[in-house]
Asks: 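One structure, as structure tokens, below. Some questions next.
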Amino acid sequence: MITARLVQGAAAGLVDAQVIGTLQDTSRGQDRGRALCLCAVTAGVATALGSPLGGALVAGLGLQLGWSFGLLVSAPGAMLTSSLAPERR
């Protein structure tokens, strides 16, 4: 589990830098500012709420079930977020 989390963190670090570049490449004018703002707000909210919510899950459901449930919730959340993204014109 620890190795998987290390790999996940390293991959997230690589992808994170690409997100800003993609937003810069695909957005123009006010849309670019809006896209970068939403990216920053999303990162801030995720940083502020992710650890406390994850800790509450583990504390409330126990170590094994809490981690499993947390990972189980992440995948559908990512798919939902991806489906809400506008299509590139």
Side-chain angles (χ1 to χ4, degrees):
M1 178 67 99
I2 293 172
T3 303
R5 294 292 288 172
L6 285 171
V7 170
Q8 183 182 21
L14 292 171
V15 169
D16 194 41
Q18 299 303 314
V19 170
I20 301 296
T22 301
L23 291 174
Q24 292 279 3
D25 243 13
T26 59
S27 305
R28 299 285 178 251
Q30 281 189 321
D31 286 341
R32 179 180 288 172
R34 187 175 297 118
L36 292 172
C37 180
L38 287 172
C39 181
V41 167
T42 302
V45 169
T47 300
L49 296 180
S51 294
L53 290 177
L57 273 176
V58 171
L61 298 176
L63 187 58
Q64 185 63 38
L65 186 60
W67 274 106
S68 298
F69 188 74
L71 295 174
L72 183 67
V73 169
S74 296
M79 290 189 297
L80 174 65
T81 303
S82 295
S83 71
L84 295 174
E87 290 186 29
R88 187 173 179 197
R89 297 178 211 147

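Just so it is clear, the model here is predicted, and its values are computed rather than measured. We count residues from 1, following the sequence as given.
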Asks: Determine the minimum heavy-atom distance between Gly70 and Ser74, stating which atoms define it.
Replies: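 Answer, listing the atom of Gly70 first, then Ser74: O-OG, 2.9 Å.
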
Asks: Hey, any chance Leu61 and Leu53 share a hydrophobic cluster, counting ILVMFWY side chains that come within less than 4.5 Å of each other, even indirectly?
Replies: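 No.
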
Asks: For the residue pair Gln24 and Arg32, what are the closest heavy atoms and their distance?
Replies: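 Closest approach of Gln24 to Arg32: O-NH2, 2.7 Å.
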
Asks: Please determine whether residues Val73 and Leu57 belong to a single hydrophobic cluster, defined as Ile, Leu, Val, Met, Phe, Trp and Tyr linked transitively by side-chain heavy-atom distances below 4.5 Å.
Replies: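 Linked within one cluster.
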
Asks: Are Arg34 and Asp31 close enough for a salt bridge, meaning some N to O gap below 4.0 Å?
Replies: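 Salt bridge flag = yes for Asp31 with Arg34.
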
Asks: Can you check whether Thr47's main-chain N or O pairs, donor with acceptor, with Ser51's side chain at less than 3.5 Å?
Replies: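 A pair under 3.5 Å: no.
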
Asks: Check whether Leu49 and Val41 end up in the same hydrophobic cluster, where Ile, Leu, Val, Met, Phe, Trp and Tyr are linked by side-chain heavy atoms less than 4.5 Å apart.
Replies: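 Same cluster.
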
Asks: Other members of the hydrophobic cluster containing Leu23, with the 4.5 Å side-chain heavy-atom rule, please.
Replies: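 Traced through the cluster, Leu23 reaches Val15, Val19, Ile20, Leu36.
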
